[in-house]
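Throughout, numbering of the chain's residues begins at 1 and tracks the sequence. Indexing begins at 1, ligand by ligand and atom by atom, following the structure's order.
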Amino acid sequence: MNHIHGKTIILGVTGGIAAYKAAALTSKLTQKGAKVHVIMTASAKEFITELTLQSLSKHRVYSDTFQERDPAEISHIDLADAADLVLIAPATANSIAKMALGIGDDMLSTTMLAVTAPVMVAPAMNVHMYQHPAVQANMKTLAGRGIHFIEPGEGLLACGYVGKGRMEEPESIVDVVNSFFADREMAASGPLQGKRVIVTAGGTVERIDPVRYISNDSSGKMGFALARAARAMGADVTLIAARTDAAPPQDPQIELLRVESAAEMFDAVRSRWEDCHVLISAAAVADYRPKQSAENKIKKSGDTLTLELVKTTDILGTLGKIKDRQFVIGFAAETGNAEMYAKDKLVRKNLDLIVANDVREEGAGFGTDTNIVSIYDAQGLVLDLPLSSKDEVARRILLLAAERVAGAAV
Ligand code: PMT
């Protein structure tokens, strides 16, 4: 289905060899019924002419901030306000850096500072430039602000290298844009209205004595993003949070239960289980706890101290086995072989979906504002999400849950 029709899209074209693909992109978006306003940087004009993109978009092309043709208009502000989506394709390392730093020194970069609409970026550059820590750091900053990246493909680059850096083909970019608008429309229609969603977040704390404990690096950000996304889709949300660094959502519509240990988290989840339609376990729950928690601070004595640990209750494993109408989503935090371990957990815990994140990957897992995930069901891979903000990852997970819960009529 065409979800692009009637949308206003700002297409930012920056100066790389892939700028020639902007012609096909403009043409395809226009044919789908989008109103495409092209903004070119000065370097983009070295690769492709304004006239080409003006003829294909059937709209004036912007490139000079100071060339205001209509006295009633301030172009970069008016364009920014009108946009349903901003798409930068191709995006050079320089344009990504300017966005990350908030530099506004030309028509495109000043417009980007004024834009409140969602932004998609399709990078295109030499493989070594793409892998440069500065470029990666800038992309991470932007992804953390909610900017969506359309990852470049691998192949022969214009510079002669073979590797990652080639801008995604216009047809694929149009597909991504179409799915993006489809997802937005679905989310806006409140697909989780009337559904109860439980989200767990944070790291459990297993006490050794009154001043020491075993825990982990979970900040709670992933779980909090899930709670917000579920609420945004109309669900009644219970957020069960253990120790977190981030502040939980300040939304009176989200019920917040604070817990400490895995045992307390299990009790809290069970207390809401009967009414639950969707359980999402983003918490990092301890697998083991000290067999005994000392009543008083343990005093230093010998050279070694042995702690005996016993298994905690596997919350998902237990509830996964007794679930009837509940749709249960687990996370797998891995440090290698993520797919294999995640699929094993999906089966062992009888989950409907599992979200695998390799916490060793830059920008993924604990503490970050971004994540990189692959989502599996019993049939295999459902969705691969490259570096994206945790809000975006959460939105995509909830959309999948909404679709499947509606299909199962729970
Ligand atoms: O909180 P952030 O800083 O944003 O970091 C996010 C995250 C890395 C914590 C999150 O993305 C994540 O991966 N959460 C799951 C962490 C985890 O405990 O993974 P696991 O592979 O050890 O456990 C598998 C699943 O079983 C998880 O859904 C877990 O919540 C659940 N579990 C684990 C142990 C236990 N006793 N009971 C459980 O229910």
Test of understanding: given a 4.0 Å heavy-atom threshold, classify the contact between [X] and ligand 1 as side chain, backbone, both, or neither.
X	value
A201	neither
T313	backbone
S219	both

May I ask you to check if R228 and F224 form a cation-pi contact, with NZ or CZ under 6.0 angstrom from the six-membered ring centre and within 45° of the axis?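 No, a cation-pi geometry is absent between R228 and F224.
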
With heavy atoms of T312 as the reference, note each atom of ligand 1 found under 4.0 Å away.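 Answer, ordered by atom number: 36 (N).
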
Which ligand 1 atoms are under 4.0 Å away from a heavy-atom of D314?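 Reading through ligand 1 atom by atom, the close ones are 35 (C), 36 (N), 37 (N), 38 (C), 39 (O).
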
Would you check if the distance from the ring center of H148 to the ring center of F180 is below 6.0 Å?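 H148 vs F180: aromatic centres under 6.0 Å.
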
Short N/O distance, under 3.5 Å, between G223 and ligand 1?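 Checking ligand 1 against G223, no N or O pair falls under 3.5 Å apart.
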
In terms of side-chain heavy atoms, does S374 have a donor or acceptor partner in D384 at a distance below 3.5 Å?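 A donor-acceptor contact under 3.5 Å links the two side chains.
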
Distance-only side-chain donor-acceptor flag, K45 / S63, under 3.5 Å: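 Distance-only check passes for K45 and S63.
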
Among protein heavy atoms, which sits nearest to [atom], and what does the distance come to when rounded to 0.1 Å?
atom	result
atom 34 (C) of ligand 1	D287 OD1, 3.3 Å
atom 23 (O) of ligand 1	F331 O, 3.8 Å
atom 1 (O) of ligand 1	S218 OG, 2.6 Å
atom 26 (O) of ligand 1	K349 NZ, 3.0 Å
atom 19 (O) of ligand 1	A333 N, 3.5 Å
atom 13 (O) of ligand 1	N357 ND2, 3.0 Å

Is the count of non-hydrogen atoms from other residues, nucleotides or ligands lying under 6.0 Å from Q292 atom CD greater than 12?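 Atom CD in Q292 is not crowded, with 12 or fewer foreign heavy atoms closer than 6.0 Å.
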
Count the heavy atoms of every other residue, nucleotide or ligand shown that sit under 6.0 Å from CD of E295, and state whether that count exceeds 12.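 No, the 6.0 Å shell around CD holds no more than 12 heavy atoms from other groups.
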
Testing R360, E339, M340, K345 one by one against E334 for a side chain to side chain contact (heavy atoms under 4.5 Å, CB included), which residue passes?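 By the side chain to side chain contact (heavy atoms under 4.5 Å, CB included) criterion, E334 pairs with just one of R360, E339, M340, K345: K345.
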
Option nearest atom 10 (C) of ligand 1 (shortest heavy-atom distance, choices G367, A282, S281):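 Checking each option, the heavy atom nearest atom 10 (C) of ligand 1 is found in A282.
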
